[in-house]
Amino acid sequence: MTNLLDMRNLVAGYGYGPDIIHDFNLQIKKSEVKCIIGPNGAGKSTVLKAITGVLKPRSGAVEFEGKDIAGKEAYQIMRQGICFLPQERAIFPNMTVAENLKMGTYSLQDKRLAEERIHHAIETFPVLGERLHQLSGTLSGGQQQQLVYARAFAIQPKLMLIDEPSLGLAPALVEQTFQHIANIASSGIAVILVEQNAFRGLEAADYGVVMDLGKLVFEKPANEVLQDQRIRELYLGKAAKQ
Amino acid sequence: MSNIAVTSSQPSPKWDSKQVIPLLLLVALIALPAVQFFGNHNYVIHVVLFAFLYITMSSSWNIIGGYGGFISIGHNVFFGIGAFFSGFIFARYGISPFYTALLAGLVATVFGFAVGLITLRVRGPSFIISSIALLMIFRIVFDRWELVGAAHGITLPHNSLPVEWSKVPHYYALLILMVAAIFLSWSVRHSKFGLALRAISHDEIKSEVTGINVRMIKVTAFALSAFFIGAAGAIWADYLTYVRPNIFFIILIAANMVLMCILGGKGTVTGPIIGTIVMIFFNEFILAQFGASELNIFLTGLLLIITLLYFPEGIVGSLKQRNLLPRFLDWG
């Protein structure tokens, strides 16, 4: 099976600063879930930003469905069927729930299809249907989280990039969030996940991608990653070796 | 309320206050110049058409400043461009600004698009400063530009109507521009374009990864907001019968637009209208009571401070938050 996303020898960094990621390779096939883990500052989020076009790669190739997307504008890349959930909650608090859902279908030209998708999202998350005209900033944390994933459903992407989904969430909400991610994955959408909480992230993934200092350390099936000796070194430092 | 459509859930009566009150107001405004049959009430006509002018401008400014979140304090360059464009044509070729006003608006729009491509790369304080810089550049250029009269500007012929009717053409022209500007603001507020604009005002990166062409949307909004300001400038040039840089390219005009929007509630359709009415009529009332003693400036400032203390989102914005906004003012 061909790769949905194929990233080769990617180099990226911010502004005039040094390279953050060096020679990075990442491939993902349809309906796979990969979780990128690594210590703080490894460049995990930067990889996602380089795919989305929010950050323009300095060199290397990024192909999506065989088409080169490196260096394109973010909105053009997103319209190819990629959905990106940034670190902070990916909703617009100054808009109503209905408007947020409409934003999910923004790039659709077909109005009827857009409405269908919104209806479908509301059916999946009925709580939102009762609050369509409420400002989304006034929803509870759990409801906001539902809105984030309802919007993602409405987009119906081929690939979803999720940056630190559990960051700053109460433990009960973390469970709920990973349930949403599992639902997305089971509907055939490929997912690249960046997660600080390595154990929880790997549990949800097929493959674990381990990064350090902007480089790929190794990639393995998720259930084998935690057994790897190198993981302990990365997270606990060289001292753990002795 | 499982329906996503904008329609309200309760069956609306045949005569809805939301439509009836604005329509009645419009009819009253169309009929108002009839007071001239009963003596010379030029002052009333002047104050009302002055309100039309500023409602046109603050509603237009609201598109980029209110929905888009880009606070431009140099927006009267479009007012000046419209005035000089139509004034120049009138002085040289004798074509009245009433015929060229929409063309003047178009010139302002094209110019707004070009400027927007440059200045909208930055936001926040940097954008505000760039908008003031634009105004200063225009002031200097027009103060020196001999073709359009440099600092003296252009003097235009007065119309030949009897004195009690001489303001009426401007009254109706500005009334039409005002209604059109409010309609434009309303259409933007309720369109997909407006949705994107409001998303951009919240977070540009988040908007971009939703599939919005952020740059195109904000530059288009900037250009749109210039159109009626330019057209109003042309009419205002004819009204004053002279166009001069020190009258059109001063920051006070732009500051008024911004303050009126903030007072009424920026980002709402009716906010700029209410804000303008409150500010202009309050100012005129103080002037009429105490004369031109600069007390009006002091008291208008005080009014702004006190209002924003109790209505931090502007009059319309805060009333809406508290669910106290009368239905006929709730246009989104």
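These numbers come from a predicted model, not from an experiment. Below, chains carry the letters A, B, ... as their sequence lines are ordered, and counting in each starts from 1.
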Within-4.5 Å side-chain heavy-atom neighbours: B:Ser201 and A:Asn94
yes

Taking all non-hydrogen atoms of both residues into account, name the closest pair between [X] and [Y] and its distance.
| X | Y | answer |
| --- | --- | --- |
| B:Leu195 | A:Lys102 | CD2-CB, 3.8 Å |
| B:Val209 | A:Phe84 | CG1-CD2, 3.6 Å |
| A:Met103 | B:Ala199 | CE-CB, 3.5 Å |

Chain A contact residues among residues 211-224 of chain B, heavy-atom distance under 4.5 Å
B:Gly211, B:Ile212, B:Asn213, B:Ile217

Per-residue contact mode, [X] against chain B (heavy atom under 4.5 angstrom):
| X | answer |
| --- | --- |
| A:Arg151 | side chain |
| A:Ile155 | neither |
| A:Leu161 | neither |

Considering only heavy atoms, which portion of B:Ser207 lies under 4.5 Å from any heavy atom of chain A: side chain, backbone, both, or neither?
both

Side chain, backbone, both or neither: which part of B:Ile205 has a heavy atom under 4.5 Å from chain A?
side chain

Please determine whether the number of non-hydrogen atoms from other residues, nucleotides or ligands lying under 6.0 Å from atom [atom1] of [X] exceeds 12.
| X | atom1 | answer |
| --- | --- | --- |
| B:His202 | NE2 | yes |
| A:Tyr207 | OH | no |
| B:Phe183 | CZ | no |

Which one wins on heavy-atom pair count under 4.5 Å against chain B: A:Pro126, A:Pro86, A:Gly53, A:Ala74?
A:Ala74

Greatest number of non-hydrogen atom pairs under 4.5 angstrom with chain B, of A:Ile91, A:Val97, A:Ile77, falls to A:Ile91

Pairs of donor and acceptor atoms involving the side chains of residues 305-324 of chain B, under 3.5 Å and at least two apart or interchain, shall be tabulated with distances.
| unit_1 | atom_1 | unit_2 | atom_2 | d |
| --- | --- | --- | --- | --- |
| B:Thr307 | OG1 | B:Leu303 | O | 2.5 |
| B:Ser318 | OG | B:Glu313 | N | 2.9 |
| B:Ser318 | OG | B:Gly314 | O | 3.3 |
| B:Arg322 | NH2 | B:Tyr310 | O | 2.7 |

Distance, nearest 0.5 Å, that separates NZ of B:Lys192 from CD of A:Glu99
14.0 Å

OG1 of B:Thr210 to CE of A:Met78: how many Å apart, nearest 0.5 Å?
8.5 Å

